[in-house]
Amino acid sequence: MIRRLFTGLVLFGLATLAHAAFGVEQLMAELARNPGGQAKFVEKRYLALLDKPVVATGDLIYNAPDLLEKRTYTPKVETMVLYKDTLSLERDRRRMQIQLSQRPEVAAFVESIRSTLQGNRASLERNYTLKLTGTADAWTLTLVPIEQRIAALLQRITLSGARQQVLGIEYLQADGDRTEMTIEPVRLP
C-alpha cells in the first residue's frame, strides 16, 4: 500500500515537472516537426472605421520550409503566396510581387508567421520579444516587436495552438485595428 502511494507520488511529481518544463525551445522543436499541409481559415478584421468586422474565409497551405499560401475565397477572391524571398499577391486579375529583402518591415511581419511555422526561434528573436504561456496541448506565443519601424505599425502578434499546429493568429496594429484568424487543424499531405 505504501509502495503504491510512493510510486503514485513519484509519477505525479515527474508529470508535474515535465508539465512545468514546457518552454519556447520545446515549442519550437514541436513546430519544426510539422511538415505542413492544408487548413481552412476564418479571418475577422476589426477596423475602427467599420461597425462590424470584415470576415474572410479560405485555405492556408504550408509546405515546410519555404512555401506559405493563403487563398481567400470570400468576400473577394485573393491569393497570397510567400515563397523564399518573394511575396506575391493576386487580386482582380492584377498581380503584385514584393522582394522581402527590399522591404525589411514587410519581411519582419511575414517572417513572424513563417518562422513560427518552421520553429525558427533565432529568426523570431531578431525582430520580436517572445512570451510563451500554457502547455504543449494549449499554448499561446506572443510576439512583441523590438524594432521601432515594426512597432510603429504593429503592437503585437499572438499565436495560439496545440503541439505542432498553429490554430489561431491575432494581429494588433499600432492604430488599434486588429485581425483574428482561426485555423482548423492541418490536413497532412
Side-chain angles (χ1 to χ4, degrees), residues 18-19 21-45 53-91 95-101 106-128 130-143 154 156-172 178-189:
H19 178 72
F22 183 69
V24 173
E25 200 61 41
Q26 184 180 352
L27 174 61
M28 293 295 121
E30 284 276 350
L31 292 166
R33 284 192 286 273
N34 188 340
Q38 183 172 344
K40 301 242 179 258
F41 74 86
V42 175
E43 181 179 70
K44 295 179 182 178
R45 293 183 191 144
V54 176
V55 179
T57 61
D59 290 323
L60 294 171
I61 300 166
Y62 173 62
N63 289 319
D66 291 325
L67 177 69
L68 181 59
E69 185 172 345
K70 179 182 175 191
R71 296 179 186 168
T72 304
Y73 303 124
T74 64
K76 195 164 193 138
V77 175
E78 175 181 283
T79 302
M80 188 177 343
V81 178
L82 173 63
Y83 182 68
K84 296 190 180 189
D85 185 50
T86 304
L87 179 64
S88 303
L89 179 64
E90 188 174 333
R91 182 187 314 151
R95 188 175 169 100
M96 178 177 72
Q97 284 192 336
I98 298 171
Q99 295 304 122
L100 296 179
S101 58
V106 175
F109 180 74
V110 168
E111 282 302 321
S112 67
I113 302 304
R114 181 164 51 188
S115 294
T116 300
L117 293 172
Q118 292 173 344
N120 188 338
R121 180 180 187 170
S123 178
L124 287 171
E125 288 180 332
R126 277 195 283 276
N127 297 299
Y128 300 95
L130 282 58
K131 180 184 175 200
L132 178 66
T133 58
T135 66
D137 293 320
W139 52 263
T140 300
L141 178 65
T142 303
L143 309 176
L154 184 68
R156 73 173 178 267
I157 301 170
T158 305
L159 301 108
S160 58
R163 298 270 167 205
Q164 60 184 225
Q165 295 208 24
V166 176
L167 302 174
I169 304 171
E170 179 186 25
Y171 302 99
L172 180 58
R178 68 186 165 89
T179 301
E180 295 176 357
M181 179 184 287
T182 55
I183 305 166
E184 288 183 10
V186 170
R187 292 189 315 266
L188 297 174

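We number each residue from 1, following the sequence as shown.
- The side-chain contact (heavy atoms from CB on, under 4.5 Å) search around Thr133 returns Lys131, Thr140, not counting sequence neighbours.
- Atom CD of Glu170 sits about 8.5 Å away from atom OG1 of Thr179, to the nearest 0.5 Å.
- Tyr73 meets the side chain to side chain donor-acceptor pair (under 3.5 Å) test with Asp59; sequence neighbours excluded.
- The side chain to side chain donor-acceptor pair (under 3.5 Å) search around Thr86 returns Gln99, not counting sequence neighbours.
- Shown here for Gln165 and Leu31, the closest heavy-atom pair between the two residues is N-CD2, 4.4 Å.
- If you take CD1 on Ile98 and CE on Met80, they are separated by 9.5 Å, rounding to the nearest 0.5 Å.
- Minimum heavy-atom separation, Leu159 to Trp139: O-CZ3, 3.6 Å.
- Across all non-hydrogen atoms, the minimal contact from Asn34 to Gln164 is ND2-O, 2.9 Å.
- Val24 and Leu132 make their closest contact through N-CD2, 3.5 Å (heavy atoms, listed as atom of the first residue, atom of the second, distance).
- Under the rule for a side-chain contact (heavy atoms from CB on, under 4.5 Å), the partners of Ala56 that lie at least two apart in sequence or sit in another chain are Glu43, Thr72, Pro75.
- To the nearest 0.5 angstrom, Asn63 atom CG is 9.5 Å from Gln38 atom CD.
- With rounding to the nearest 0.5 Å, the separation of CG in Leu82 from CG in Leu87 is 6.0 Å.
- In this structure Phe41 satisfies the ring-ring contact (aromatic ring centres under 6.0 Å, His included) test with no other residue, sequence neighbours excluded.
- Applying the side chain to side chain donor-acceptor pair (under 3.5 Å) criterion to Thr57, with sequence neighbours excluded, gives Thr74.
- With rounding to the nearest 0.5 Å, the separation of CD1 in Ile169 from OG in Ser112 is 8.0 Å.
- Taking the side-chain contact (heavy atoms from CB on, under 4.5 Å) definition, one finds that Leu117 meets it with Tyr62, Leu68, Ile113, Val166, sequence neighbours left out.
- Every salt bridge (charged side-chain N to carboxylate O under 4.0 Å, His left out) that Glu30 has, sequence neighbours left out, goes to Arg33, Arg163.
- To the nearest 0.5 angstrom, Ile61 atom CD1 is 9.0 Å from Thr79 atom OG1.
- The side chain to side chain donor-acceptor pair (under 3.5 Å) check on Gln118 picks up nothing, with sequence neighbours excluded.
- Applying the salt bridge (Lys or Arg N to Asp or Glu O under 4.0 Å) rule to pairs touching residues 114-128 yields Glu25-Arg121, Glu111-Arg114, Arg121-Glu125, sequence neighbours excluded.
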